[in-house]
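Below is one structure, written out as structure tokens, with a few remarks after it.
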Amino acid sequence: MKRSSTVDNSDPFRPNMRDSKEWRPTSYRSHTIGQVIELGNSLVGTEVTICGYAETVRGRGAICFLMLRDGTGKIQAFLKKDNMDESLFDSIQSASRESTIRVSGIVAQKRPPKVKEGAPTPPPEYEVNVSSGEILAQASTPLPVGVIDDVQVGLDIRLDNRHLDLRRDHVNAMFQLRSRVLQYGREHLISEGFQEINSPKIIAAAAEGGTNLFPMKYFDTDAYLSQSPQLYKQLAILGGLERVFEIGPAFRAEKHDTYRHLNEFISFDIEGAWMDDEDVMGVQERMIFHIWSEVKKNDQHLIDAVNEYRISQEKEAVVVEVPTLPFPRIPYCDAIEIVKEGGGEIEWGDDIESHHCDLIAAKFPGFHFIPRWPMSMKPFYIHHKEEEEGASGGQLSRGFDLNYGRDEMTSGGAREHRVDILEQNLRNMGLDPEEFSFYTDGFRYGAPPHAGWGLGVARLLMVLTGAGNVREVVLFPRDRSRVTP
RNA sequence: GCCCCGAUGGUGUAGUGGCCUAUCAUGCAGCCCUGUCGAGGCUGCGACCCGGGUUCAAAUCCCGGUCGGGGCGCCA
């Protein structure tokens, strides 16, 4: 992982939004703005061509300051009427904010700003003394939502104008973090021998029962959008792929409307042969440890961009605290006791609801696993051992959840590999094994014991970025009332 | 599916029956300023969600609708 460690992130003009050192020139620009910032002094005196959005255009008369921003950073372009074509100068000077502009000129060290007496001298900054340029596309006015305006915009309006919302530093940073989280997660799983697969999203039958599926027409037959890759990743394991993962969409036609639910979401799934629930909990905690460690090591500038906004909103800054391994395991039976001790009304066999999770989170504020749920509360494909029973005699399962605070991140478990028990589980849950023959047939010819989990990517990002709503960390969220943009 | 709440310029807000030809900020338009950097100064523009009702009088009260917010259930 390459990363410049010399960049001063405290400087607002050097947000270092992306590591752009290796980007090649394109037809439109010789350098990214991030490169001009990072290379700084070594570029002084050389001509560069940069492109970006006009964040501000200041000054009237014979000089003009154009703050240009691209996806890698921001830099000031300095325009002087004497140094360039007069009509071009006039048109850039009167360009609307967020117009895209290309400028060419010599890199120079900026004149230092006036500082208060006794204040430290800021580090040197660079600018481009423009000699030529071009307005690539003029932005309409007024902007439907401000990019740098000092007003709070509601989430709904922001999502209607996501293309502009994304131009805001902290929003952009959150999506860069999302990409990093997926990258580090992949890296880790590949290092443990997992291979990436893609399962079908158009399916014929109810995959697991339970949640509602979106129906669709597949030519002349009825089909559904997949609610989970669960059964297909198991089939991949039965086929000898040993360790697989998939990062893909899942669709649920539930009419929920909360900060943590969407009707389309990205599920980060794994499945591994010859593994049980403990084994895959280990994979998960190591993967989260790796993600957090790498973000802390490489991406503090992105966290800083998020925090700069949070502080302006008088919210607490987020801190990337790498969790210690192993994560606490709080078996379901113990969790019930904790809820009871905390004054919650709950009995063995009840689901642990959000307000119950608050009581557990008071004792275990970070990531924690809740293994060994009652079999009756888990899907048919979850494995159980007959001899494992709860305090009141109910059958336990090898299913687990991973929670952070009050929120569930993951659901997983050891899978049932014994076909006769699998079919009995289906019947116990009121499902017809015949309808699942595409799945159960996979178990008839020798099946390895296996285990896996599914992780909600946006929920994990909520923890990392402090976002209070999954919609913040999903580009174009799909919820009960939103299918556009 | 259940419960609670809300809707005022492009954006975010103040306004709980007459003081509203509606507040403030931001924005936008224009002018002034030859190195700004949260630029500054001046002038102007722009709004009461829709439909019905109560009242001498409705942004304000009532009913319906639409859209949105919060909580719950369910889940990842």
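Hydrogens, waters and symmetry mates are skipped; everything else that's a heavy atom, side chains included, is used. Proteins come first, then strands; the chains are lettered A, B, ... in the order of their sequence lines, and each starts at number 1.
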Next on the checklist: Taking atom types as they are modelled, would you say the side chain of A:K255 forms a donor-acceptor pair with the base of B:C74 within the 3.5 Å cutoff?
Outcome noted: no
Checklist entry - Which part of the nucleic acid, if any, lies within contact of A:S96, taking any heavy atom under 4.0 Å across all strands shown: a base, the sugar-phosphate backbone alone, or nothing? => result nothing
Next on the checklist: Without decimals, in angstroms, what is the distance between A:F89 CZ and B:U34 P?
Outcome noted: 12 Å
Item to check | A:V151 side-chain proximity, nearest of B:G12, B:U36, B:A76 | outcome: B:G12
Next on the checklist: At less than 4.0 Å, is any side-chain N or O atom of A:H355 found next to OP1 or OP2 of B:G73? Yes or no.
Outcome noted: yes
Next on the checklist: Under a 3.5 Å threshold, yes or no: a donor from one side chain and an acceptor from the other, between A:Q395 and A:S376?
Outcome noted: no
Checklist entry - What do you reckon, is CD of A:E316 surrounded by more than 12 foreign heavy atoms closer than 6.0 Å? => result no
Next on the checklist: Under a 3.5 Å cut-off for both contacts, is B:U60 paired Watson-Crick or G-U wobble with anything, and if yes, with which nucleotide?
Outcome noted: none
Next on the checklist: With a 4.0 Å limit, can you tell me whether A:T258 has a side-chain N or O closer than that to the phosphate oxygens OP1/OP2 of B:G73?
Outcome noted: no
Checklist entry - For the side chain of A:E127 and the base of B:G35, is some donor closer than 3.5 Å to an acceptor across the two? => result yes
Checklist entry - Could you state the CZ-P distance from A:R482 to B:G68, rounded to the nearest angstrom? => result 8 Å
Checklist entry - Going by ring centres under 5.5 Å and near-parallel planes (under 30°), is A:F265 stacked on B:A76? => result yes
Next on the checklist: Is it the case that B:U11 (base atoms only) and A:Q152 (side chain only) share a donor and an acceptor within less than 3.5 Å, ignoring hydrogens and angles?
Outcome noted: no
Next on the checklist: Students often get this wrong, so: under 4.0 angstrom with heavy atoms, is A:V153 touching a base, only sugar-phosphate, or nothing?
Outcome noted: sugar-phosphate
Checklist outcome for this item: Of A:E408 and A:I148, the one whose nearest nucleotide on RNA chain B sits closer to the 5' end is A:I148
Next on the checklist: What I want to find out is whether A:K233 reaches A:D269 closely enough, with some N-O distance under 4.0 Å, to be called a salt bridge.
Outcome noted: yes
Next on the checklist: Less than 4.0 angstrom between a side-chain N/O of A:R158 and OP1 or OP2 of B:U11, yes or no?
Outcome noted: no
Next on the checklist: Any donor-acceptor pair, under 3.5 Å, between the side chain of A:R459 and the base of B:C75, if you only look at N and O atoms?
Outcome noted: yes
Item to check | Short side-chain N/O contact from A:S228 to OP1 or OP2 of B:A76, under 4.0 Å | outcome: no
Checklist entry - At under 4.0 Å, does any side-chain N or O of A:T141 touch on OP1 or OP2 of B:C28? => result no
Item to check | Salt bridge A:R69-A:E98, side-chain N to carboxylate O under 4.0 Å | outcome: yes
Next on the checklist: Please determine whether a side-chain nitrogen or oxygen atom of A:R406 lies at a distance below 4.0 Å from atom OP1 or OP2 of B:C72.
Outcome noted: yes
Item to check | Salt bridge A:D149-A:R97, side-chain N to carboxylate O under 4.0 Å | outcome: yes
